[in-house]
2 protein chains.
Amino acid sequence: MLNYSTSEENYIKAIYHLQQQDGNVTTNELAAELKAKPASITDMMKKLKAKKLLHYEPYQGFSLSNEGKKVALGIIRRHRLWEFFLAEKLKFTWDEVHEVAEHLEHVSSKKLIDKLDEFLGFPRVDPHGDPIPDQDGKIETSRQVCLLDLPFNKTAVVSHVSDQSTEILELLKHKHIGIGTKLEVKKKFSFDNSMEVKAGRQPVFTISEQLAKNIFVKYGA
Amino acid sequence: MLNYSTSEENYIKAIYHLQQQDGNVTTNELAAELKAKPASITDMMKKLKAKKLLHYEPYQGFSLSNEGKKVALGIIRRHRLWEFFLAEKLKFTWDEVHEVAEHLEHVSSKKLIDKLDEFLGFPRVDPHGDPIPDQDGKIETSRQVCLLDLPFNKTAVVSHVSDQSTEILELLKHKHIGIGTKLEVKKKFSFDNSMEVKAGRQPVFTISEQLAKNIFVKYGA
DNA sequence: ATAATAATTTAGATTTGTCTAAAAATATTT
DNA sequence: AAATATTTTTAGACAAATCTAAATTATTAT
C-alpha cells in the first residue's frame with residue numbers, strides 16, 4: 001500500500017462517506033463536505049484518477065475504485081482506533097475525540113496501528129458506535145436509520161444527532177443519551193408519535209417525536 | 001502559542017538540538033542535519049526570523065529566540081511522550097520508537113499531550129534516557145552520568161574524572177580528553193564494554209570499560 | 001427544442017517548501 | 001595581503017494544493 005498525502009487522504013475519506021449514502025458523488029457535494037471550491041475538487045479528482053483510486057469521467061461524478069475503498073478503510077481504521085484510544089484511555093468525552101483523531105489518522109505506520117489495536121483489545125466499534133475495520137479492511141456493515149424508524153426490540157447504537165443546538169444537547173444529557181448509547185424501542189404511541197425506549201439497564205423512558213426525529217441509530221450487522 | 005507547519009517544526013527542532021552543542025548554528029550544519037540543500041535553509045531562516053522564532057543575520061548563523069526555544073521544547077515534549085507511550089504501552093523496542101514519534105510529534109493538541117502525559121504517569125525521561133519537558137517547557141537541564149551510561153549520539157561534556165592517578169591522566173592527555181571536552185558515543189561492544197567515541201571532528205577512537213567507568217559527563221536535552 | 005439556469009471544468013494566479021545554478025561574502029592558505 | 005577555497009545567499013524554477021474568474025457542459029423550464 002502506497003502512501004498518500006494528508007490532503008489526498010481527506011478527499012478519499014470524504015468520498016467514501018458520501019458514497020455510502022448516495023452511490024455516485026458529485027463535485028459540488030464533495031466541495032461542500034470538504035469546504036473547498038469545486039475547482040479544487042476537479043483538480044484532485046484528476047490526480048486520484050491517475051492513481052487509480054477512483055472512477056471519474058468529466059461531468060459524470062465519481063466513486064472510489066476497489067483500491068480507493070481499501071485506502072479509505074485504512075484511514076477510517078486509524079481514525080476510529082484513535083478515537084477509541086482517546087475516549088477509553090485518555091478520558092476524552094465522545095464529542096472531543098473526533099477533531100484530534102482527524103490529525104492522528106494521517107500517521108500511517110501499519111505497525112503502529114496494529115499494535116494500538118492490540119493494546120486496546122481489538123475494539124469493534126468506536127465511541128460513536130461506528131464499526132472499526134480490521135487489518136484487512138473488513139468492516140461490519142450496519143445501517144443508519146432515524147430512531148423513529150427503528151423496529152421494536154432491536155438493539156441499536158446512537159450514531160448521529162442532526163440538531164446540534166444547546167437545547168437538544170441539554171435534553172440528551174439529561175436523558176443520558178450520547179453517541180454510542182445503546183437503545184431499544186419498546187413501545188410507540190400513534191397519538192403523538194412518542195416512544196418508550198430502553199437504554200442498557202436503565203428503566204424505560206419516553207422520547208418525544210421531535211427528539212426522535214433528530215436521533216439516528218445504527219443496527220444490524 | 002501559534003501553530004507551525006510540520007516543516008517549520010522540523011527546522012526549529014533541528015536548530016534546538018544543534019545549538020545545544022554548538023551555540024550558534026550554521027547554514028551547512030543545519031542542511032546536513034535535515035538532509036536539505038543550504039539554499040532551502042536560508043529560505044526558511046528568513047521565514048522563521050520574520051516570525052521572531054530566531055535571531056539571524058545573513059552570513060552570521062542563527063540561534064533560537066526565547067519564543068523559538070519554547071516552541072522547540074513543546075515539540076520535544078510531544079516527541080518524547082510519544083516515544084514513551086510507544087515503548088511502554090505498545091511494546092515497541094527502543095530503536096523503533098523514534099521514527100514513528102517523528103510523525104506523531106506534529107499533532108499539536110495541547111489537551112491531547114497533557115492527557116497523554118497524565119495517562120503515562122508523568123514520566124520524566126523517554127526510552128533513550130532523555131528528559132521530557134513539562135507543560136511549561138521546563139526541562140531537566142544537564143544531568144551528570146557515567147560515560148558508560150551516556151546514550152548514543154548525545155553530545156556531552158566531560159565534567160568529572162573520578163580517578164586522579166597519573167596513569168589515567170597520561171591516558172586522557174594522550175587521547176586529548178579533559179574537563180570540557182565534547183564527546184559522543186558511537187558504538188558499544190558488549191564483549192568487553194569498550195566503546196567508540198567521537199570528539200569534535202577528530203576520527204572515532206576507542207575507550208576501554210575501565211576508562212569509561214571513571215569519566216563522568218554532563219549532557220542536556 | 002430552445003433558452004435560462006446550474007454544475008463542472010479550464011486557465012491562470014498564489015502560497016509553501018523545495019531545488020539548481022550563479023553570485024556574493026567569508027575564511028583559509030600561501 | 002592576494003589568491004584560493006568554502007560558505008552562504010540570491011535568482012529563478014518546480015510541484016502540490018489551493019483559489020478566482022471565465023468557459024464549457026449538463027439540466028430544467030418554458
Side-chain angles (χ1 to χ4, degrees), chain A residues 2-15 18-19 21-64 68 71 75 102-103 105-106 108, chain B residues 2-15 18-19 21-64 68 71-72 75 102-103 105-108 200-201:
Chain A
L2 295 173
N3 275 329
Y4 301 99
S5 71
T6 295
S7 204
E8 288 170 329
E9 289 192 344
N10 286 334
Y11 277 83
I12 293 165
K13 193 173 48 136
I15 296 168
L18 289 175
Q19 79 178 19
Q21 320 175 342
D22 293 16
N24 214 42
V25 180
T26 69
T27 303
N28 269 359
E29 266 182 306
L30 187 52
E33 176 80 9
L34 290 171
K35 283 160 195 175
K37 302 299 166 194
S40 310
I41 305 300
T42 302
D43 287 347
M44 186 60 92
M45 292 310 97
K46 287 185 198 164
K47 199 200 293 189
L48 296 181
K49 185 191 178 173
K51 294 190 178 185
K52 299 193 191 298
L53 295 175
L54 47 78
H55 307 296
Y56 165 60
E57 291 306 323
Y59 298 99
Q60 302 312 128
F62 30 80
S63 61
L64 294 175
V71 173
I75 301 163
E102 283 290 294
H103 294 99
E105 72 185 8
H106 299 294
S108 64
Chain B
L2 295 174
N3 275 329
Y4 300 99
S5 72
T6 295
S7 204
E8 289 171 329
E9 288 191 347
N10 285 334
Y11 277 83
I12 293 165
K13 192 173 48 136
I15 295 168
L18 289 174
Q19 78 179 20
Q21 321 177 341
D22 291 15
N24 216 41
V25 181
T26 69
T27 302
N28 269 0
E29 267 182 308
L30 187 52
E33 177 79 8
L34 291 171
K35 282 159 195 174
K37 303 298 165 193
S40 309
I41 306 300
T42 301
D43 288 347
M44 186 60 91
M45 293 309 97
K46 286 184 197 164
K47 198 200 295 188
L48 296 181
K49 184 190 177 175
K51 294 189 179 186
K52 301 194 189 298
L53 294 175
L54 48 75
H55 306 295
Y56 164 60
E57 291 305 324
Y59 297 100
Q60 301 313 128
F62 29 80
S63 62
L64 294 176
V71 174
I75 302 162
E102 284 289 295
H103 294 100
E105 73 186 7
H106 299 295
V107 176
S108 63
R201 318 188 172 70

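Letters A, B, ... are given to chains in the order of the sequence lines, protein chains preceding strands, and every chain is numbered from 1. The shown structure was predicted, so the numbers you read here are calculated from the model rather than taken from an experiment.
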Counting only side-chain nitrogens and oxygens, does A:Asn28 get under 4.0 Å of the OP1 or OP2 atom of C:dT8?
yes
Classify A:Phe62 by what it touches in the nucleic acid, base, sugar-phosphate, or nothing, heavy-atom distance under 4.0 Å.
nothing
With sequence neighbours left out, which residue pairs that include part of residues 48-62 of chain B fulfil the side-chain hydrogen bond (donor to acceptor under 3.5 Å, both in side chains) condition?
B:Glu8-B:Lys51, B:Lys49-B:Glu57
Residue-phosphate contact under 4.0 Å: A:Lys46 side-chain N/O, C:dT9 OP1/OP2:
no
Tell me whether A:Gln19 contacts the main-chain N or O of A:Leu64 through its side chain, where contact means a donor paired with an acceptor under 3.5 Å.
yes
Partner residues of B:Glu33 under the side chain to side chain contact (heavy atoms under 4.5 Å, CB included) criterion, sequence neighbours left out:
B:Ala14, B:Leu18
Distance in angstrom units between B:Glu57 CD and D:dT8 C1', rounded
14 Å
When rounded to whole Å, the OH to C1' distance for the pair B:Tyr4 and C:dT16 reads 16 Å
Under 4.0 Å protein heavy-atom contact, by nucleotide of nucleotides 18-27 of chain C - B base, S sugar-phosphate only
BBB---BSS-
Rounded to the Å, how far apart are A:Leu34 CG and C:dT8 P?
14 Å
In whole Å, I'd like the distance from the CG atom of B:Leu48 to the P atom of D:dT9.
13 Å
Tell me the interatomic distance from A:Asn10, atom CG, to D:dT18, atom C1', rounded to whole angstroms.
14 Å
Between C:dT9 and A:Thr27, is there an OP1 or OP2 to side-chain N/O distance shorter than 4.0 Å?
yes
Quiz: residues 36-45 of chain B side-chain donor-acceptor pairs under 3.5 angstrom, not counting sequence neighbours:
from	atom 1	to	atom 2	distance (Å)
B:Thr42	OG1	B:Pro38	O	3.4

Figure out the CD/P separation between B:Glu8 and C:dT16, and round it to whole Å.
9 Å
Taking only residues two or more places apart in sequence, or in another chain, which ones meet B:His103 in a side chain to side chain contact (heavy atoms under 4.5 Å, CB included)?
A:Val107
Can you pull the side-chain hydrogen bond (donor to acceptor under 3.5 Å, both in side chains) pairs that have at least one residue in residues 23-32 of chain A, sequence neighbours excluded?
A:Thr26-A:Glu29
